[in-house]
Visitor: 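Provided herewith is a single structure, encoded as structure tokens, for subsequent inquiry.
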Amino acid sequence: MSETRPVPRRESPWGVPEGEHRQPKAHRCNDRAEDVVQACFEGNPFKTVPGPFKLFWQCMRSKPGEEPTEPYTYLELDPPKREVKLE
């Protein structure tokens with residue numbers, strides 16, 4: 001996934017540390033996992049979940065940058081694009 005979406009932050013009872021700190025980053029297959037969860041609520045899960053789960057599993061087993069580029073089944077997001085590295 002070439003773009004990075006912000007990860008929602010929760011307030012901690014200890015507050016947010018001041019200064020420069022690392023921000024959390026969503027996993028590269030997070031959108032595929034969300035597509036599987038959405039499929040669970042779209043009718044009969046035995047029919048709606050296998051397709052998105054297959055793409056999620058391919059994404060998890062792939063190397064970074066080699067994620068599947070098929071469109072999402074239930075999420076209304078643009079399909080992921082592979083970044084071409086010029087050497």
Side-chain angles (χ1 to χ4, degrees):
M1 197 160 60
S2 58
E3 74 220 29
T4 57
R5 294 192 306 155
V7 176
R9 300 289 306 256
R10 290 187 291 172
E11 289 297 322
S12 168
W14 299 280
V16 179
E18 296 296 326
E20 195 67 33
H21 60 281
R22 292 180 11 173
Q23 293 293 320
K25 183 178 165 187
H27 190 273
R28 61 191 173 90
C29 298
N30 187 53
D31 292 335
R32 293 287 179 194
E34 288 183 31
D35 203 28
V36 172
V37 171
Q38 186 63 37
C40 294
F41 300 98
E42 299 287 335
N44 184 351
F46 291 105
K47 293 181 179 179
T48 59
V49 171
F53 184 79
K54 179 182 174 186
L55 291 172
F56 168 72
W57 189 250
Q58 286 177 357
C59 185
M60 290 298 291
R61 304 220 4 126
S62 68
K63 294 178 183 173
E66 297 178 2
E67 295 86 3
T69 57
E70 287 84 357
Y72 298 103
T73 308
Y74 296 102
L75 294 182
E76 295 179 4
L77 298 174
D78 293 330
K81 297 175 183 148
R82 289 211 174 117
E83 293 181 15
V84 178
K85 295 181 181 178
L86 301 174
E87 294 183 31

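Computed from a predicted structure; not experimentally measured. By convention here, the first residue in the shown sequence is residue 1.
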Visitor: To which residues is Phe41 joined in a hydrophobic cluster, defined by side-chain heavy-atom contacts under 4.5 Å among Ile, Leu, Val, Met, Phe, Trp and Tyr, whether direct or through other members?
Guide: Val37
Visitor: Can you tell me how far the CZ atom of Arg32 sits from the CG atom of Leu75, to the nearest 0.5 Å?
Guide: 9.0 Å
Visitor: For the CE atom of Met60 and the CZ atom of Arg28, what is their distance to the nearest 0.5 Å?
Guide: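 Met60 CE to Arg28 CZ: 7.0 Å, rounded to 0.5 Å.
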Visitor: Are Pro80 and Glu67 side-chain neighbours, meaning at least one heavy-atom pair lies under 4.5 Å?
Guide: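 A side-chain contact is absent here, since even the closest heavy-atom pair is not under 4.5 Å.
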Visitor: Please report, to 0.1 Å, the donor-acceptor pairs under 3.5 Å made by any side chain of residues 43-55, with sequence neighbours excluded.
Guide:
from	atom 1	to	atom 2	distance (Å)
Asn44	OD1	Phe46	N	3.0
Thr48	OG1	Ala39	O	2.6
Thr48	OG1	Asn44	O	3.3

Visitor: Sequence neighbours left out, what passes side chain to side chain donor-acceptor pair (under 3.5 Å) with Glu70? Give chain and number order.
Guide: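 Testing Glu70 for side chain to side chain donor-acceptor pair (under 3.5 Å), a comparison that skips the adjacent residues, returns none.
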Visitor: Test of understanding: with side-chain contact (heavy atoms from CB on, under 4.5 Å), list the residues that count as partners of Gln38, not counting sequence neighbours.
Guide: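 If we apply the side-chain contact (heavy atoms from CB on, under 4.5 Å) test to Gln38, skipping adjacent residues, the hits are Glu42, Tyr74.
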Visitor: Nearest 0.5 Å, please: how far is SG in Cys29 from CZ in Arg61?
Guide: 12.0 Å
Visitor: At what distance, to the nearest 0.5 angstrom, does CG of Asn30 lie from NE2 of His27?
Guide: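 Here the rounded value is 8.5 Å.
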